[in-house]
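Below: the structure, in structure tokens.
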Amino acid sequence: MKKLILLSLFFFLIFSSVSNAQGFDPNVYKCRDFVQNYSNDSGSVALQTLWVWGFLTFKDESLLSLNSDMLKSLTSDLNEGCAQNLDVTLLEFVRKYFTFNYVKKSKQNTSVIFNPKNYSCKTFLNSLNTNDTTSDDLVGYALIWALGYTAAYRPDDVDVVDDQSAGTIAGLMKSLVCKDPDENFYNSLHDLYNKLEKE
């Protein structure tokens with residue numbers, strides 16, 4: 001499957017500095033790595049921050065409206081918390097130690113970058129059918145959100161976050177999840193996991 005996202009492009013849109021986007025394994029990547037990368041360049045942890053955002057939305061839907069101010073605050077909070085838990089993996093840290101309350105004190109009327117509830121399956125499927133999906137940054141946000149959200153749903157079987165896993169989740173959304181083009185991206189994945197829980 002051809003690459004669906006060009007992560008470095010998306011991170012440039014989020015942070016003022018250009019970062020070297022690389023995949024990471026939340027089961028192995030430690031808080032120490034996050035703190036070290038953050039100290040070198042805060043933009044270099046954009047992928048990890050977006051993944052954590054997706055993870056957190058599994059428990060708190062009020063975080064779904066992503067904006068740049070929220071991302072920067074989340075990155076800063078992760079760095080601060082990780083500095084006190086250096087030898088803990090990012091997955092374990094987010095599961096056990098981290099609580100993000102930024103949404104309760106967020107600035108009003110801040111432009112929303114992405115919200116999976118406002119992103120339709122039709123838009124997603126149309127993007128996948130274009131010749132150059134790497135040009136659609138919303139696809140990138142959607143897929144990274146889905147990877148984080150899925151990790152929260154099944155924390156004992158968390159995938160590496162890279163182009164291959166993004167392609168896998170894109171295939172899942174296209175073939176099994178987004179059956180109704182008019183449904184939003186969030187509800188489609190959320191409803192699937194609810195059905196699986198009941199089986």
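Heads up: numbering here begins at 1 and tracks the sequence.
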- Message: Measuring only between side-chain heavy atoms, which start at C-beta, is Val52 closer than 4.5 Å to Phe100?
- Response: no

- Please report the shortest heavy-atom distance between Leu176 and Lys179, naming the atom on each side. O-CE, 3.2 Å

- Message: Looking only at side-chain N and O atoms, does Asp162 offer a donor or acceptor that is under 3.5 Å from a partner on Ser165?
- Response: yes

- Item | Distance (rounded to the nearest 0.5 Å) between Thr49 OG1 and Met70 CE | 12.5 Å

- Query: Got a second to check how far Thr89's OG1 is from Phe34's CZ, nearest 0.5 Å?
  - Reply: 13.5 Å

- Message: Would you say Asp25 and Asn27 are linked by a side-chain donor-acceptor pair, where the criterion is simply a distance under 3.5 Å?
- Response: yes

- Query: Do Phe98 and Val45 share a hydrophobic cluster, counting only Ile, Leu, Val, Met, Phe, Trp and Tyr and linking them when any side-chain heavy atoms are less than 4.5 Å apart?
  - Reply: yes

- Item | Straight-line distance of Leu189 CG to Asn184 CG, nearest 0.5 Å | 10.5 Å

- Message: Donor-acceptor check, side chain of Ser188 to backbone of Cys178, threshold 3.5 angstrom: yes or no?
- Response: no

- Query: Looking at OG of Ser39 and CG of Asn37, how far apart are the two atoms once the value is rounded to the nearest 0.5 Å?
  - Reply: 7.5 Å

- Considering all heavy atoms, the nearest Ser127-Val139 contact: CB-CG2, 3.4 Å

- Exam field: side chain Asp60 to backbone Leu56, donor-acceptor pair closer than 3.5 Å: no

- Would you say Phe185 and Trp145 make side-chain contact, with heavy atoms under 4.5 Å? yes

- Here the pair of heavy atoms bringing Lys174 nearest to Phe124 is N-CE2, 4.5 Å

- Using the ring of each side chain (for Trp, its six-membered ring), is Phe55 parallel, tilted or perpendicular to Trp51, with breaks at 30° and 60°? tilted

- Query: Between Lys122 and Asp182, does at least one N-O distance fall below 4.0 Å, as a salt bridge requires?
  - Reply: no

